[in-house]
Number of protein chains: 2
Amino acid sequence: MPTPDRTSLGAIVAAGRDILEAAGLAGLTMQAVADRVGVRAPSLYKRVRNRDDLVRLITEATFQDLGEQLATTGAGLDPRRDLAELARAVRAFAHARPVGYQLIFMPRAGGPSTEALRHAVGPVMRVAENLAGEQHALEAARTITAWANGFISMELSGAFQLGGDLDQAYEFGIARLTDALAGPPPR
Amino acid sequence: MPTPDRTSLGAIVAAGRDILEAAGLAGLTMQAVADRVGVRAPSLYKRVRNRDDLVRLITEATFQDLGEQLATTGAGLDPRRDLAELARAVRAFAHARPVGYQLIFMPRAGGPSTEALRHAVGPVMRVAENLAGEQHALEAARTITAWANGFISMELSGAFQLGGDLDQAYEFGIARLTDALAGPPPR
DNA sequence: GTCTATATTTCGATAGAC
DNA sequence: GTCTATCGAAATATAGAC
């Protein structure tokens with residue numbers, strides 16, 4: 001009888017995500033993952049092609065989580081309120097998994113499948129369309145996404161160094177963006 | 001008579017910046033820099049403490065360049081026009097040096113000196129104050145910066161995958177943000 | 001499927017002669 | 001200041017026994 005399974009792909013990905021948050025992308029080594037799941041490093045290669053593959057799996061799992069988080073948010077009747085809730089949900093997610101969040105937006109060979117992307121961006125597109133109209137939905141969604149992701153990325157990287165209250169600044173951005181997108185279309 | 005200088009700190013940093021753009025941060029090895037400046041790798045350590053130090057110098061030089069680029073932009077009389085010019089200037093800079101630009105916003109130990117930061121952000125603060133008023137200058141500047149940087153970062157990382165014209169989306173964001181910040185302040 | 005052992009590669013950094 | 005020579009430290013990945 002062969003040796004029974006001592007780990008699983010799910011456990012490996014989960015361990016990888018924990019290590020990623022605790023030690024950063026550079027700290028995500030095959031050895032560290034093996035230690036955490038309780039096997040030797042070479043055994044990981046039975047379930048994962050290589051490290052890049054593991055990073056990709058972790059990124060996709062994180063992206064999927066974000067999508068599910070947003071799916072349960074901002075589906076109300078008031079698009080202005082929905083936008084605010086979506087924006088706060090994204091930021092909360094990023095605060096909970098800062099490294100994983102930033103990993104999503106890193107340039108890499110095999111980006112997220114367009115399917116997964118539509119799933120995660122869906123709620124934002126809906127709100128954008130309700131606010132700015134069908135014709136400007138994509139541009140409005142990109143404005144929202146760019147602002148939120150930019151704010152969060154800068155916050156996480158410590159780029160806001162001039163003091164002030166960041167929570168307040170985020171709410172300020174929400175309020176102004178909402179007014180801007182809900183306002184009369186240009187021209 | 002000792003051997004004459006065969007390179008300089010400036011040449012090393014300049015070579016590092018070129019390599020960074022051509023081969024990414026991982027490709028920025030001491031060996032690659034040495035090859036490009038025409039010395040052996042150990043010689044670099046006479047002018048640079050270690051690799052991290054070199055990366056820091058490159059980041060600061062890039063940040064300085066960005067600041068100078070913005071200093072000559074958007075100092076006109078019309079804050080709406082100034083904001084548009086500033087936003088376009090940042091994006092043009094990022095397109096010219098994508099890796100260096102993203103390096104600026106990476107979390108690192110010794111962030112840019114507050115002095116260098118004020119220099120680079122100065123023009124944005126001025127425009128924000130002219131648009132949104134003194135009381136909301138910082139928040140407005142952060143909204144602008146977050147949106148522009150978020151848009152550019154996502155663009156550079158290939159995160160915009162749903163088609164559409166990105167130039168147009170950027171102009172859309174400029175127009176809407178300008179209206180939003182110049183509009184009546186939220187009481 | 002897991003293990004031990006090891007190959008490979010790469011890179012950062014130092015020592016000491018000239 | 002530059003060089004040759006080399007160390008030392010990782011980390012990825014493979015081979016083959018059990």
Side-chain angles (χ1 to χ4, degrees), chain A residues 1-61 99-100 102-103 106-110, chain B residues 1-61 99-100 102-103 106-110:
Chain A
M1 187 155 117
T3 63
D5 290 16
R6 219 165 287 179
T7 184
S8 68
L9 181 59
I12 289 172
V13 173
R17 295 179 73 173
D18 291 344
I19 293 168
L20 184 71
E21 296 301 334
L25 184 57
L28 180 69
T29 66
M30 302 302 276
Q31 183 60 52
V33 174
D35 287 348
R36 178 169 266 257
V37 299
V39 299
R40 298 294 184 171
S43 301
L44 299 177
Y45 291 86
K46 288 290 179 180
R47 301 189 152 78
V48 168
R49 196 190 317 263
N50 52 37
R51 182 179 178 272
D52 283 352
D53 192 37
L54 176 57
V55 172
R56 185 185 55 78
L57 289 169
I58 291 172
T59 304
E60 280 186 8
V99 187
Q102 298 204 291
L103 192 61
M106 272 195 186
R108 70 194 150 290
Chain B
M1 187 155 117
T3 65
D5 290 17
R6 218 165 286 179
T7 184
S8 67
L9 181 59
I12 290 171
V13 173
R17 297 179 72 174
D18 291 343
I19 293 168
L20 184 70
E21 296 300 334
L25 185 57
L28 179 69
T29 67
M30 300 302 276
Q31 185 61 53
V33 175
D35 287 348
R36 178 169 267 258
V37 299
V39 300
R40 298 293 183 171
S43 301
L44 299 177
Y45 291 86
K46 288 290 180 181
R47 303 191 150 78
V48 168
R49 197 191 316 265
N50 51 37
R51 183 179 178 272
D52 283 352
D53 191 38
L54 177 58
V55 172
R56 185 185 54 77
L57 289 170
I58 291 172
T59 304
E60 281 185 8
V99 188
Q102 298 204 291
L103 193 61
M106 274 195 184
R108 71 194 149 290

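Just so we're on the same page: letters track the sequence lines, and every chain starts at 1. This one's a predicted model, so the numbers in the text were calculated from it and none came from an experiment. For the numbers below, each heavy atom of this structure counts, side chains included, while hydrogens, waters and symmetry mates do not.
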When the side chains of residues 5-15 of chain A are checked against the rest of the protein, which donor-acceptor pairs come out under 3.5 Å, sequence neighbours left out?
residue : atom : partner : partner atom : Å
A:D5    : OD2  : A:R47   : NH2          : 2.9
A:S8    : OG   : A:A11   : N            : 3.1

What donor-acceptor contacts under 3.5 angstrom involve side-chain atoms of residues 26-35 of chain B, with partners at least two apart or in another chain?
residue : atom : partner : partner atom : Å
B:T29   : OG1  : B:A32   : N            : 3.0
B:Q31   : NE2  : B:D35   : OD1          : 3.0

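One can place CG of B:D35 at 14 Å from P of C:dT10, the figure rounded to the nearest angstrom.
Residues satisfying the salt bridge (Lys or Arg N to Asp or Glu O under 4.0 Å) criterion with B:D53, sequence neighbours excluded, are B:R56. Residues meeting the salt bridge (Lys or Arg N to Asp or Glu O under 4.0 Å) test with A:R51, sequence neighbours left out: none. Partners of B:D52 by salt bridge (Lys or Arg N to Asp or Glu O under 4.0 Å), not counting sequence neighbours: none found.
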Contact letters for nucleotides 11-18 of chain D, in which S counts primed atoms plus P, OP1 and OP2 and B counts the base, heavy atoms under 4.0 Å: SSBB----

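Considering only side-chain N and O atoms, B:R40 lies nowhere under 4.0 angstrom from the phosphate OP1 or OP2 of D:dG1. Taking 4.0 angstrom as the limit, A:S43 places none of its side-chain polar atoms (N or O) nearer than this to OP1 or OP2 of C:dG1.
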